[in-house]
Amino acid sequence: MQFIDLAKQQGLIKAALDDRIQTVLAHGKYIMGPEVKEMEALLAGYVGVKYCVSCSSGTDALLMPLMAWGVGPGDAIFTTPFTFIATAEVIQLLGATPIFVDIDPKTYNISPELLDKAINKVIEEGQLNPKAIIPVDLFGLPADYPAIETIARKYDIKLLEDAAQGFGGQINGQIAGSFGDAATTSFFPAKPLGCYGDGGAIFTNDEELYEKLVSIRVHGKGGDKYDNIRIGINGRMDTLQAAVILEKFTLFADEVKLRNKAATKYNSLLGETVVTPHVPEGYTSVWAQYSILAKDAEERQALQAKLKEAGIPSAVYYPIPLDQQTAFAHLGYKPGDFPVSAEMSQRIFSLPMHPYLEDADIETICGVIRG
Ligand SMILES: *Cc1c(COP(=O)(O)O)cnc(C)c1O
C-alpha cells in the first residue's frame with residue numbers, strides 16, 4: 001500500500017498530460033512560457049483573488065512576500081512551531097525573529113488567543129517590531145482566519161497564509177489561498193495539488209505587492225531583466241511544471257471530494273479507538289494528511305509497528321516542534337514553552353491519504369489500528 005499514490009492519478013490523465021508536455025517541447029519556451037501565465041490565471045480564478053504569481057517552490061513563495069514587505073533584522077514574525085521547517089526558515093533567512101505561538105489542541109493550528117498575547121508581549125518588551133503573522137493550514141485545514149484577520153487588523157500587521165497543505169480547503173465557501181494580505185502554496189508532488197518537481201505560488205489582491213513579487217521573482221528586475229531595481233531571487237516556476245499543474249487541475253475538484261470521502265470513512269471506523277481529526281463547523285479540509293492521536297508516544301510506536309508489519313506505511317508530522325530544532329536553538333526556547341505542540345509531537349501520526357484510496361484499504365488500515 002502507498003502513503004500517497006500518484007501513479008493512479010497519472011493513469012487518469014496520461015494522454016492529455018503527454019500532449020501538454022509535447023506542446024511545451026514543441027514551442028520551446030521553457031522559462032516563463034505561455035503555460036505559466038495560463039496556470040496563474042486559472043488558479044487566481046479558482047481561489048478568487050486578482051493575482052497569482054507562480055514561483056520555484058512553496059518555500060520561495062513564503063520568502064518573496066516577506067522580501068517585498070521589507071522584513072529584516074528587528075522584525076518579529078509570529079508563526080506556529082507545529083509545521084514544516086520552511087514556514088519559519090524564511091523568517092530567519094531574512095534576519096528577522098520567528099516568534100512561536102502554541103497551537104489549538106483540536107485543530108493543531110495556531111491559537112488566536114495565544115497569538116494576541118504573544119503580539120502584546122512583543123510590543124510591551126519593546127525590542128522587536130511586530131511585522132507579520134504566518135498561520136499554517138496544517139494537514140489541509142484552514143487556520144482560524146476570521147479570528148486571525150481581526151488580530152492582524154488590530155495591530156496593523158501583515159497576514160501571510162501558508163496554504164502549502166491547505167490549498168483547496170475552505171471556510172464558509174471562501175477558498176484557502178485567499179486569506180490575509182497574501183497566501184502561498186506549494187506544488188511539491190505530495191501536496192494536495194502537486195506538480196512533478198518543485199513549484200509554488202503566491203496569491204494576493206494587492207496590486208503593489210503583485211508588482212514587487214513579479215520583480216523579485218526575476219532578480220529584482222525593473223523595466224527589463226538587465227535593469228535591476230531591487231535585490232530579488234531566481235524564483236521562477238518551469239513551464240513544464242505549469243503544464244503538469246494545468247492538466248492535474250482538471251481532476252482537482254473531484255479529488256477534494258474523494259479525499260473528504262476517505263476522511264469520513266476513516267472517522268467512522270476510528271472514532272472510538274483514537275482521537276480523529278476535528279473539522280470546525282463551516283470549514284472544509286483538503287486532507288493533505290489524515291492525522292490521528294494515540295494516547296501517548298508508546299501507544300503510537302506500537303500502532304505504527306503493527307501497521308508496518310501489515311505492509312501499511314504511516315508517518316509522524318511533526319516529531320520535533322520547530323522551537324526545539326537545533327537550527328532555532330539561538331532563540332532560547334525551553335522544552336515546555338509550547339505544551340500543546342510538544343504533546344502532539346509525541347502522540348500524532350498520519351495514515352495513508354490520497355483521492356484514490358479504496359474503501360477496502362481504509363477498512364484494512366482501521367482493522368489493524370482497532371486491533
Ligand atoms: C511543503 C511545505 C512548505 C514548503 O514547500 P516546498 O514547495 O517544499 O518548498 C511550506 N510550508 C508548509 C506548511 C509545507 O507543508
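Whatever order the structure lists them in is the order used to number ligands and atoms, beginning at 1. Here, residue 1 is the first one in the sequence, and each next residue gets the next number. We use all heavy atoms of the structure for the numbers below, so side chains are in, but hydrogens, waters and symmetry mates are not.
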Side chain to side chain contact (heavy atoms under 4.5 Å, CB included) against Gln174, all qualifying residues, sequence neighbours excluded:
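Applying side chain to side chain contact (heavy atoms under 4.5 Å, CB included) to Gln174 gives Ser178, Phe179.
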
Suppose we screen for side chain to side chain contact (heavy atoms under 4.5 Å, CB included). Which residues come up paired with Asn267, at least two apart in sequence or across chains?
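Partners of Asn267 by the side chain to side chain contact (heavy atoms under 4.5 Å, CB included) criterion, ordered by chain and then number, come out as Thr276, Pro277, Tyr290.
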
Assert yes or no for the condition that the ring centre distance of Phe100 to Tyr333 is strictly below 6.0 Å.
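Phe100 vs Tyr333: aromatic centres under 6.0 Å.
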
Hey, can you pull the donor-acceptor pairs under 3.5 Å for the side chains in residues 23-40, sequence neighbours left out?
{"residue": "Thr23", "atom": "OG1", "partner": "Asp19", "partner atom": "O", "Å": "2.8"}
{"residue": "His27", "atom": "ND1", "partner": "Lys29", "partner atom": "N", "Å": "2.9"}
{"residue": "His27", "atom": "NE2", "partner": "Glu35", "partner atom": "OE1", "Å": "2.9"}
{"residue": "His27", "atom": "NE2", "partner": "Glu35", "partner atom": "OE2", "Å": "3.3"}
{"residue": "Glu38", "atom": "OE2", "partner": "Arg20", "partner atom": "NH2", "Å": "3.4"}
{"residue": "Glu40", "atom": "OE2", "partner": "Ser54", "partner atom": "N", "Å": "2.7"}
{"residue": "Glu40", "atom": "OE2", "partner": "Ser54", "partner atom": "OG", "Å": "2.8"}
{"residue": "Glu40", "atom": "OE2", "partner": "Arg217", "partner atom": "NH1", "Å": "2.9"}

Contact table ligand 1 N or O to protein N or O, d under 3.5 Å:
{"residue": "ligand 1", "atom": "5 (O)", "partner": "Ser186", "partner atom": "OG", "Å": "3.3"}
{"residue": "ligand 1", "atom": "7 (O)", "partner": "Gly58", "partner atom": "N", "Å": "2.7"}
{"residue": "ligand 1", "atom": "7 (O)", "partner": "Ser186", "partner atom": "OG", "Å": "2.6"}
{"residue": "ligand 1", "atom": "9 (O)", "partner": "Gly58", "partner atom": "N", "Å": "3.3"}
{"residue": "ligand 1", "atom": "9 (O)", "partner": "Thr59", "partner atom": "N", "Å": "2.9"}
{"residue": "ligand 1", "atom": "9 (O)", "partner": "Thr59", "partner atom": "OG1", "Å": "2.5"}
{"residue": "ligand 1", "atom": "11 (N)", "partner": "Asp162", "partner atom": "OD1", "Å": "3.4"}
{"residue": "ligand 1", "atom": "11 (N)", "partner": "Asp162", "partner atom": "OD2", "Å": "2.8"}
{"residue": "ligand 1", "atom": "15 (O)", "partner": "Gln165", "partner atom": "NE2", "Å": "2.8"}
{"residue": "ligand 1", "atom": "15 (O)", "partner": "Lys191", "partner atom": "NZ", "Å": "2.6"}

Taking the basic N atoms (NZ, or NE/NH1/NH2) and the acidic carboxylate oxygens, is any pair closer than 4.0 Å for Lys8 and Glu358?
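A salt bridge links Lys8 with Glu358.
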
Inspect the contact between Asp296 and Arg300 and indicate whether a charged nitrogen and a carboxylate oxygen are less than 4.0 angstrom apart.
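No, no charged N to carboxylate O under 4.0 Å.
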
